K.L.:
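Below is a structure I'd like to ask you about.
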Amino acid sequence: MKLSEYFVPTLKEVPADAVVPSHKLMLRAGLIRQVSAGVFSWLPLGFRVLNKVINILREEMNAIGGQEFLLPALNPIEIWEQTGRVEAMGDVMFHLKNREGIVLAPTHEEIITYHAKQHIQSYKDLPQIWYQIQTKFRNEPRPKSGVLRCRQFIMKDSYSLDTTWEGLDQSYNKHLEAYKKIFSRCNLNFFIVGASSGAMGGSQSQEFMIESDAGEDVCAIAPSGYAANLEVATSKLPPVGRKDYCPPIEKFPTPNAKTIDDLIQQFRFDENNLAKSVVYIIESEPVLILMRGNDELNESKLQIAFGTNKLRPATSDELLQITGANAGSIGPVGLKTKIKIVADNLLMNANCLVSGANEDGYHFKNIDLVRDTKIDAYFDLRTVREGEPCPLAGTPIKIVKAIELGHIFKLGTKYSEALQATFLDQDGVQKPIIMGSYGIGVERIIACYIEQNHDEHGIIWEYPLSPFDIHIISINIKSNKVVEKAEELYSKLLSLGYEVLYDDRDETAGVKFNDADLIGIPLQIIISEKNIQKNVLEVKRRRTQQRELVSEIELLDFLQQNVLK
RNA sequence: CGGGGCGUAGCGCAGGUGGCUAGCGCGUCUGUUUUGGGAGCAGAAGGUCGCAGGUUCAAGUCCUGCCGCCCCGACCA
């Protein structure tokens with residue numbers, strides 16, 4: 001492609017609205033342009049990269065037996081009502097105004113299950129892996145960071161259909177391995193974490209992450225190899241446990257102690273024996289949650305424990321009404337109304353605890369959770385903190401921000417049951433199809449790659465994502481010798497099957513060098529009078545900025561060794 | 001949805017206590033000189049100052065409403 005004829009609007013100045021490096025560089029290098037919040041156009045150069053990614057996705061999905069579909073973005077709302085997800089999605093789902101009963105699909109479990117119901121009859125029709133590379137629509141409340149969080153984006157989504165849970169395990173593992181290959185082929189430095197299935201339902205899920213300050217997820221990772229989304233991460237802290245002797249429970253005044261730290265300072269209690277209580281309204285029922293004093297409640301874990309995402313902290317009015325006290329004096333003993341009480345695992349059957357007395361300005365000490373109150377259930381509810389011992393080997397946990405590239409779920413039968421997608425097994429028994437769902441954010445692959453591969457000059461592509469293999473730069477197009485040599489080389493490399501970007505523009509050397517570094521194709525070949533006189537070609541490696549001189553005969557060997565697609 | 005910021009030429013910005021013809025840099029166009037790291041000179045084009053109302057002799061500037069964009073938070077199958 002000749003750059004003089006190619007629409008690649010590079011920007012010298014950094015666009016004011018861009019904050020994260022990948023967003024800045026994708027705009028500056030002419031890969032994308034924004035149309036509105038969370039909506040982008042892909043320009044020709046960017047679309048080439050997108051297609052390189054899509055090719056890899058297709059190859060690896062086909063390699064595990066995936067069959068490619070193209071499903072509609074316009075979906076009948078009835079099918080979403082049957083799975084209860086119109087309500088679950090809420091505002092995230094786009095509804096059309098001038099056509100009742102149609103929504104824009106934010107994902108495709110429903111449509112896949114619909115087709116499975118239509119045509120899967122027997123165990124002989126299974127297993128299946130169905131996938132597509134298609135545009136998703138989600139009404140994100142706050143799109144951000146370029147293509148990292150959009151209202152319209154491309155997803156590679158696939159769905160496995162199996163007759164048994166062992167079959168689901170196999171399909172899941174096939175995807176796990178395929179995803180590793182995909183991200184490795186894209187030269188991404190990624191890691192895999194255990195994750196929450198959220199309201200998707202299902203038993204197991206893992207996320208593919210890259211570490212990045214631009215990320216919206218937080219993960220706990222440890223030298224042992226332990227890696228988990230903070231939503232589900234655990235650690236191996238010792239429980240508070242029981243002391244041999246616990247005196248009778250005793251109320252005492254604490255007029256100036258509003259926080260856990262106040263109590264420690266004023267009364268010299270052991271931090272571990274302080275218990276704090278928070279009240280949540282879960283499915284409109286109040287629940288008191290007891291935690292170690294300085295632990296942070298993890299709402300995701302609470303959602304998992306109660307199997308719902310319909311929960312919120314109680315308001316201060318509700319607190320007073322339910323417990324009889326205001327925040328800071330609430331506890332598990334002496335509640336004004338009888339409500340469900342759950343506690344964090346670290347407090348399992350503990351005694352000698354200090355907690356609020358449900359009377360402003362008073363606390364209880366010597367609380368024995370077995371003797372003095374009834375805990376309805378214990379769950380892991382706390383948020384893991386930096387430095388805590390990991391559950392695998394006790395190595396210290398590090399907390400990092402990360403971007404989610406992909407997510408694989410064992411869905412189970414949630415959708416097949418809701419939509420009656422069943423099959424007859426060998427014994428003639430009708431059973432729901434066992435499903436998995438697996439997604440990759442296609443644009444995120446590109447943004448994440450750029451987050452990990454750029455410098456002050458621009459993007460640094462590697463094969464196979466690079467939009468072109470080779471970037472030819474002619475210096476001073478007033479020189480016939482230079483133009484002749486560059487044109488000749490351009491034709492020759494094209495005929496050898498290389499994808500070549502040829503900067504034939506009437507621009508100064510500086511402009512061409514800077515644009516080439518910004519666009520970031522791995523190899524640049526620089527044609528100038530100087531080099532022609534010496535009868536050499538100058539090749540520059542984008543990543544290292546190293547230049548080497550090679551003869552024309554050596555060039556083909558050089559390219560064979562260095563253009564590794 | 002809460003908090004903050006912004007909206008003036010293609011891009012980046014100034015002007016903002018009301019006042020005269022709305023500026024600067026980059027880019028663009030013409031001519032010319034230049035050609036190894038975002039060239040020099042000369043000339044030129046390009047604006048409903050986000051939109052709508054209002055106050056005023058006079059509004060980019062003040063007031064009201066709306067729209068849009070960015071950031072922090074909430075939310076995120």
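None of these values were measured; they are calculated from a predicted model. Each chain gets a letter, A, B and so on, in the order its sequence line appears, and its residues count up from 1.
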K.L.:
Categorize A:Val92 for me: base, sugar-phosphate, or nothing, with a 4.0 angstrom heavy-atom threshold over every strand shown.
P.N.:
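The residue A:Val92 makes no contact with any strand.
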K.L.:
Give me the ring orientation class for A:Trp461 and A:Tyr449: parallel if the planes are under 30° apart, tilted from 30 to 60°, perpendicular past 60°.
P.N.:
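The arrangement is parallel - the two ring planes meet at less than 30°.
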K.L.:
Using the P atom as the point on both nucleotides, what is the distance between B:U61 and B:G15, in whole Å?
P.N.:
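About 15 Å, rounded to a whole number of Å.
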K.L.:
Under a 3.5 Å cut-off for both distances, is B:C66 Watson-Crick or wobble paired, and to whom?
P.N.:
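Looking at the geometry, B:C66 pairs with B:G50.
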K.L.:
Identify whether the distance between the nearest side-chain nitrogen and carboxylate oxygen of A:Asp344 and A:Lys276 falls below 4.0 Å.
P.N.:
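Not counted as a salt bridge, because no side-chain N and carboxylate O are separated by less than 4.0 Å.
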K.L.:
Considering just the side-chain nitrogens and oxygens of A:Thr508, establish if one lies under 4.0 Å of OP1 or OP2 belonging to B:A39.
P.N.:
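Looking at the OP1 and OP2 atoms of B:A39, one of them is under 4.0 Å from a side-chain N or O of A:Thr508.
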K.L.:
Between B:A22 and B:A45, how far is it from one P atom to the other, in whole Å?
P.N.:
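14 Å, rounded to whole Å.
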K.L.:
What is the distance, to the nearest angstrom, from the CD atom on A:Glu140 to the P atom on B:C76?
P.N.:
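My rounded result for the distance is 11 Å.
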K.L.:
Work out how far the C1' atom of B:U32 is from that of B:C49, and round it to whole angstrom.
P.N.:
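Per the computed distance, 36 Å lies between those C1' atoms.
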K.L.:
Using a strict cut-off of less than 4.0 Å between a Lys/Arg side-chain nitrogen and an Asp/Glu carboxylate oxygen, indicate whether A:Glu109 and A:Arg85 qualify as a salt bridge.
P.N.:
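Result for this pair is yes, salt bridge flagged.
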K.L.:
For A:Glu488, check side chain to side chain contact (heavy atoms under 4.5 Å, CB included) against everything at least two apart and list the hits.
P.N.:
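Partners of A:Glu488 by the side chain to side chain contact (heavy atoms under 4.5 Å, CB included) criterion, ordered by chain and then number, come out as A:Lys485, A:Glu552.
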K.L.:
Hey, does A:Glu231 reach any base, or is it just sugar-phosphate, or nothing, if we go heavy atoms under 4.0 Å?
P.N.:
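Touches nothing.
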K.L.:
Any ion pair linking A:Arg312 and A:Glu318 (charged N to carboxylate O, less than 4.0 Å)?
P.N.:
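Salt bridge: yes.
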K.L.:
Have a look at A:Asp157 and say if it touches a base, only the backbone sugar-phosphate, or nothing, with a 4.0 Å heavy-atom cut-off.
P.N.:
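No contact.
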K.L.:
Counting any heavy atom closer than 4.0 Å, what does A:Lys136 reach on the DNA or RNA strands: base, sugar-phosphate only, or nothing?
P.N.:
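Counting heavy atoms under 4.0 Å across all strands, no contact is made by A:Lys136.
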K.L.:
Tell me which nucleotide, if any, is Watson-Crick or G-U wobble paired with B:C41 when both distances must be under 3.5 Å.
P.N.:
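Answer to the pairing question: B:G31, which forms a Watson-Crick or G-U pair with B:C41.
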K.L.:
Is there a Watson-Crick or G-U wobble partner for B:G19 with both distances under 3.5 Å, and if so, which one is it?
P.N.:
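When the pairing criteria are applied, B:C57 turns out to be the nucleotide that pairs with B:G19.
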K.L.:
Mind checking ring pair (Phe, Tyr, Trp, His ring centres under 6.0 Å) for A:Phe208 and listing every partner two or more places apart, or none if nothing turns up?
P.N.:
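A:Tyr179, A:Phe183.
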K.L.:
Please list, for nucleotides 66-70 of chain B, all pairs of protein and nucleotide N/O atoms separated by less than 3.5 Å.
P.N.:
{"unit_1": "B:C69", "atom_1": "OP1", "unit_2": "A:Ala37", "atom_2": "N", "d": "2.8"}
{"unit_1": "B:C69", "atom_1": "O3'", "unit_2": "A:Gln34", "atom_2": "NE2", "d": "3.3"}
{"unit_1": "B:C69", "atom_1": "O2'", "unit_2": "A:Asp17", "atom_2": "OD2", "d": "2.9"}
{"unit_1": "B:C70", "atom_1": "OP1", "unit_2": "A:Gln34", "atom_2": "NE2", "d": "3.0"}

K.L.:
For B:G10, give the paired nucleotide (Watson-Crick: N1-N3 plus N6-O4 or O6-N4; G-U: N1-O2 and O6-N3; both under 3.5 Å), or none.
P.N.:
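Because both required distances fall under 3.5 Å, B:G10 counts as paired with B:C26.
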K.L.:
I'd like the P distance from B:G4 over to B:G65, given in whole Å.
P.N.:
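The same atom, P, in both gives a distance of 15 Å.
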K.L.:
Remember a base hit wins even if backbone is also touched, and classify A:Arg312 as base, sugar-phosphate or nothing at under 4.0 Å, heavy atoms.
P.N.:
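Result for A:Arg312 = nothing.
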K.L.:
Select base, sugar-phosphate, or nothing to describe what A:Asp517 touches, counting heavy atoms under 4.0 Å on all strands.
P.N.:
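Result for A:Asp517 = base.
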K.L.:
Is the shortest distance from a Lys or Arg side-chain nitrogen in A:Lys2 or A:Glu487 to a carboxylate oxygen in the other one below 4.0 Å?
P.N.:
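Yes, this pair counts.
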K.L.:
Specify the separation, in whole Å, of atom CG of A:Asp506 and atom P of B:C29.
P.N.:
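Rounding to the nearest Å, CG of A:Asp506 and P of B:C29 are 11 Å apart.
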K.L.:
Strictly by Watson-Crick or wobble contacts shorter than 3.5 Å, is anything paired with B:C1, and which nucleotide is it?
P.N.:
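The answer is B:G73, by the H-bond criterion.
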K.L.:
Assess whether a salt bridge exists between A:Asp295 and A:Arg385, defined as any Lys/Arg side-chain N lying under 4.0 Å from an Asp/Glu carboxylate O.
P.N.:
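Here A:Asp295 pairs with A:Arg385 in a salt bridge, since their nearest N and O are under 4.0 Å apart.
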K.L.:
For A:Ala509 and A:Met155, find the nucleotide of RNA chain B closest to each by heavy atoms; which residue's nucleotide sits nearer the 5' end?
P.N.:
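Result of the comparison: A:Ala509.
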K.L.:
Separation of A:Asn476 atom CG from B:A39 atom C1', in whole Å?
P.N.:
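Interatomic distance, CG of A:Asn476 to C1' of B:A39: 13 Å.
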K.L.:
I'd like the P distance from B:C13 over to B:G3, given in whole Å.
P.N.:
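It comes out at 26 Å once rounded to the nearest Å.
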K.L.:
C1' atom, B:A52 versus B:G68: distance in rounded Å?
P.N.:
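Looking at atom C1' only, B:A52 and B:G68 are 15 Å apart.
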K.L.:
Pick base, sugar-phosphate or nothing for A:Pro106, based on heavy-atom distances below 4.0 Å to the nucleic acid.
P.N.:
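Here A:Pro106 touches no strand at all.
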